[in-house]
Amino acid sequence: MVKEKKPVEYINHGTDEQMEIYGFKKSIPYMIITWFFITLTLGFLRLVFYWKPNWMLSCTHRQCDLSEATSILLRDKYQQWFVEQVETIIKPSSEDNNEDADSLDLSYSTRHSMQRSYSQSRKTFTNQLPITYEDNTNEKESFLSDQITTQKDQTIKLFVNKKLKYTWNEETKKYERLKGLEDDVSIHYFPRCRGLTADEQADKRLIHGENSIKIHLTPIFVLFFREVLSPFYIFQVFSCALWYFDDYIYYASCIVLLSVISIVYSLYSIRQNERALRDIIHHSGTVTVFRKDPMGGQKLTEEEIPSESIVPGDIIAIKNMSMMQCDAVLLNGNVIVNESMLTGESVPVTKTALSSSRGASFSMSQDQFSMSKVTQDVKLSIKEHSRHILFSGTQVIQTRYYESEKIKAVVLRTGFNTTKGELVRAILHPKPVDFHFNNDTHKYIGALSLIAFTGMIFSMVLKIIRKNPAVDIIKRSLDIITIAVPPALPGALTAGLIYAQNRLRKQKIYCISPRTINIVGALNTFVFDKTGTLTEDGLDLKCVLPIRNVKSEKGEEIYFDEEVRDVSEFEEKNKMLQAMASCHSITRIHGDLAGDPLDCKMFEFTKWDLNEPNQEETENFDTFAPTTVRPKSKRYDTDDPYEIGIIKQFPFSSSLQRMSVVVRVLGNKNFVMFSKGSPEKIGELSKPESLPRDFQKMLTYFTHEGYRVIAVATKQIDLSFVKVQKMEREKLENDLEFLGLIIMENRLKPETCSVINKLKAANIRTIMCTGDNILTALSVARDCDMIDEEDRVVIVEANSGEDPKFSYAEIVRQKVKEIEFDPKSKKLFEKDKNSHFHFAVGGKSFDVIRKEHKELFKKLAVRGTVFGRMSPDQKQQLIELLQDLG
Ligand SMILES: Nc1ncnc2c1ncn2[C@@H]1O[C@H](COP(=O)(O)OP(=O)(O)OP(=O)(O)O)[C@@H](O)[C@H]1O
């Protein structure tokens with residue numbers, strides 16, 4: 001019905017939410033004809049249009065250019081159609097803003113219209129703002145291209161789909177998603193941002209709307225009609241009417257009763273779900289915004305406003321123990337947040353300031369990584385800069401600031417554009433996971449209808465031949481349809497859902513999309529990560545393996561020393577002990593230690609004390625007062641104090657597999673860096689001559705036994721304080737001196753084995769995809785019965801440009817019998833389809849196979865059970881592959 005003469009246009013091109021977009025405008029003749037037919041069919045055609053709104057649009061409107069469209073038709077990749085109305089907003093002129101180029105207002109307008117205003121505003125802009133980065137025209141160009149100035153009266157055309165707004169871009173002649181400051185904005189923008197005036201804020205609110213994630217309860221009568229107008233119920237009404245007409249009263253009444261109960265119950269559960277979701281999600285309060293001086297002065301004024309009023313570009317104050325109401329980029333200080341609402345991880349996360357024009361005094365609390373990028377034109381990326389972004393819905397549990405300055409953040413995104421908004425949108429508009437199921441249902445109903453129709457014709461012909469009365473012929477023939485297609489089906493399905501939902505509720509599992517329960521039976525694979533999911537989070541520390549020098553004929557050689565079970569016996573100058581006491585991101589929340597469970601266990605093992613500067617102490621320092629650690633026995637006030645100040649932290653990152661700190665021992669001049677992380681990564685970053693000769697042997701031994709192994713290394717840093725602050729992470733974390741290994745226990749959670757066995761009994765495949773060592777993962781997989789005792793494990797190794805290698809995990813140097821790889825065709829043949837073997841693969845090989853051995857990659861997804869040393873991106877790639885393969 002849609003004329004596809006022109007090439008298809010898209011919104012959200014290249015993303016998961018890509019949709020085809022078509023423009024339509026009203027056509028009076030089409031409308032008259034359509035309504036004529038609707039009247040002719042006694043409204044039945046309107047009912048069909050209710051089910052198929054895209055048909056209605058095509059029958060009453062004419063397809064036109066998007067620029068003149070009054071209605072928009074969208075089709076997503078699941079072939080779902082959406083019809084949206086175009087709204088027009090008149091934005092009043094704002095002469096003041098035209099003058100003030102550094103309003104840095106990023107909103108609905110386009111990069112091109114930004115460029116237009118750039119030439120007028122460049123002079124004013126460069127005069128007013130101090131430029132601290134290199135005087136590079138391109139850089140400024142791109143920085144300035146991220147601004148717009150408001151022009152005269154503006155007509156803004158937009159439509160809303162799935163809670164997101166799309167605005168018309170006059171320059172590109174396209175509808176584009178309305179974003180906050182997250183799109184194509186240079187990170188230079190944030191430290192210089194000076195907030196908005198009340199007028200600018202009101203202007204922006206016109207387009208961005210309220211900053212709230214509100215879920216309105218659908219009126220009961222709307223819910224009722226939505227339910228009753230579903231094809232199933234309409235068919236039921238038809239069947240019951242026929243039965244009543246046919247004096248088939250009892251059965252018809254039973255079906256009516258059943259349907260009423262099922263409708264009432266489903267309305268009740270929908271309403272309950274909506275209410276629960278609304279109560280969980282909705283939060284509001286007041287926030288302090290820092291307003292820019294409309295006269296161009298440097299002083300910011302504070303104002304308390306409702307959180308609903310903030311817009312992207314506002315500067316807000318971050319308060320202790322508050323709930324974030326928007327996504328915002330941190331400008332100064334440190335903030336510890338609980339992100340469990342978004343990530344499910346209850347480990348407190350430290351957020352640091354993105355960057356500052358004041359350079360080093362701020363950089364104290366920054367990730368060097370982002371600091372290094374200040375000198376280049378780096379665009380803000382939510383993923384890459386997430387350490388500097390406070391997300392909506394997360395709880396601020398502690399703020400640390402310097403020089404009594406309030407903690408400020410620039411509002412990045414508001415309302416449904418925030419990460420929390422995305423989550424809520426995913427709940428409200430879930431991906432049609434039951435796509436295939438629905439298709440099959442339609443096929444099934446189609447087949448039944450065909451049988452019914454054939455039966456009807458057959459019965460009609462028979463009755464005509466037998467010369468039965470006309471009323472009888474009609475009644476009996478239609479009756480055939482109600483026999484072939486069971487009208488009680490929706491009732492039966494709802495009854496099944498009610499039962500299933502109640503059972504789930506008893507297990508504290510709440511279902512937001514009850515229809516999904518129908519297809520849950522079709523789940524065939526479960527992918528687990530290991531730490532904190534299959535195994536306990538707070539692992540016990542088994543021992544520490546320091547290194548020692550051994551004199552041999554070849555001179556001094558390094559080997560691992562004996563296992564040490566109590567590191568507190570070491571003297572405080574011992575580097576291994578110092579590393580364990582300082583290389584972590586632990587903080588104190590209400591007096592208790594909080595942080596990564598691994599870090600906490602390691603720190604507790606040292607029996608040292610952690611001291612964080614309180615507010616007064618911080619205010620006393622011109623610069624930052626560091627967190628310090630000291631042996632419990634050696635207080636600061638004793639004659640022989642011993643204390644280590646943590647000057648800088650490079651937080652742990654799963655993809656880097658390590659974290660580092662730069663510290664200074666009280667009274668020492670030099671800085672020392674301690675790094676800890678996966679042995680593979682730390683081994684790679686350490687000087688080869690500092691690695692013990694038995695490094696690989698011991699690593700294999702402990703991982704094989706199922707232990708979690710963390711390596712520790714150090715480096716002397718002969719740089720000044722300021723240089724240390726400015727140095728990039730990558731430049732510091734190299735040429736390390738290896739110190740030793742920390743061996744931690746990997747204990748299965750009590751419920752792990754029974755869950756895995758239940759899944760296996762239900763014929764559901766289980767996979768482990770972890771960031772930990774592949775041998776540790778294999779050992780845990782065997783312990784939890786994911787891999788049966790008699791099953792063989794084939795480890796797949798692949799290096800770029802070479803054929804993959806296959807070897808048994810436990811039987812060294814035996815040729816793998818189960819499979820054969822043909823190097824010519826690059827195909828893998830399974831010799832015995834019934835043999836129970838599992839593939840295990842590490843992150844590096846996974847990457848090579850994904851890029852170079854497509855065929856094997858698919859086989860990995862089918863036969864792979866253990867995926868070790870996987871980065872977060874690789875974990876996602878595996879899930880996507882499994883989903884693609886169905
Ligand atoms: N706090 C930490 N400090 C330093 N290194 C760590 C820390 N936590 C984990 N590591 C190392 O980095 C590796 C990768 O960590 P990541 O969090 O990706 O996965 P994981 O915790 O081992 O397992 P899973 O993916 O099953 O949760 C770990 O195996 C460990 O060697």
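Every number for a ligand or one of its atoms is a count from 1 in the order of the listing. We use all heavy atoms of the structure for the numbers below, so side chains are in, but hydrogens, waters and symmetry mates are not.
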So which heavy atom in the protein is nearest [atom], and how far is it from that ligand atom?
atom                    : value
atom 3 (N) of ligand 1  : Lys676 NZ, 3.1 Å
atom 16 (P) of ligand 1 : Ser654 OG, 3.6 Å
atom 24 (P) of ligand 1 : Thr770 OG1, 3.4 Å
atom 30 (C) of ligand 1 : Ile710 CD1, 3.6 Å
atom 19 (O) of ligand 1 : Gly771 CA, 3.4 Å
atom 15 (O) of ligand 1 : Phe652 CZ, 3.5 Å
atom 25 (O) of ligand 1 : Lys875 NZ, 2.6 Å

Over 60° means perpendicular and under 30° means parallel, so classify the ring planes of Phe837 and Phe839, tilted if in between.
->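 Ring orientation, 0 to 90° scale: perpendicular.
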
With under 30° as parallel and over 60° as perpendicular, where do the rings of Tyr642 and Trp608 fit, or are they tilted in between?
-> perpendicular

Which heavy-atom pair separates Gln578 from Glu572 by the least distance, and what is that distance?
->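 Minimum heavy-atom contact is NE2-O, 3.1 Å.
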
Least distance between heavy atoms, Phe652 atom then Arg387 atom | O-NH2, 3.3 Å

ring-ring contact (aromatic ring centres under 6.0 Å, His included) with Phe806: which residues, sequence neighbours excluded?
-> none

Do any nitrogen or oxygen atoms of Pro679 lie less than 3.5 angstrom from nitrogen or oxygen atoms of ligand 1?
-> no

Arg658, any N or O under 3.5 Å of ligand 1 N or O =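 In this structure, Arg658 places no N or O atom under 3.5 Å from an N or O of ligand 1.
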
Arg792 to Tyr808, cation-pi by 6.0 Å centre distance and 45° axis angle = yes

Can Arg765 be said to sit on top of Phe526's aromatic six-ring, NZ or CZ under 6.0 Å from centre and within 45° of the ring axis?
->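 Output no; distance or angle outside limits.
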
Contact atoms of ligand 1, heavy-atom distance to Asp596 under 4.0 Å |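 Close to Asp596: 1 (N).
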
Taking the minimum heavy-atom distance to atom 22 (O) of ligand 1, which of Arg708, Met744, Lys530 ranks first?
->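 The option holding the nearest heavy atom is Arg708.
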
Which residue from Arg869, Met870, Gln657 reaches closest to atom 28 (C) of ligand 1 through any of its heavy atoms?
->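 Ranked by closest heavy atom to atom 28 (C) of ligand 1, first place is Arg869.
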
So which bit of Asp599 gets within less than 4.0 Å of ligand 1, heavy atoms only: side chain, backbone, both or neither?
-> side chain

If you measure from the Lys or Arg side-chain nitrogens to the Asp or Glu carboxylate oxygens, is any gap between Asp735 and Lys715 under 4.0 Å?
->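 No, this pair does not count.
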
So, does Gly677 sit close enough to ligand 1 that a heavy atom of it is under 4.0 Å from the ligand?
-> yes

Option passing side chain to side chain donor-acceptor pair (under 3.5 Å) with Arg708 (candidates Asn773, Asn746, Thr531, Thr776) =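 Only match with Arg708 under side chain to side chain donor-acceptor pair (under 3.5 Å): Thr531.
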
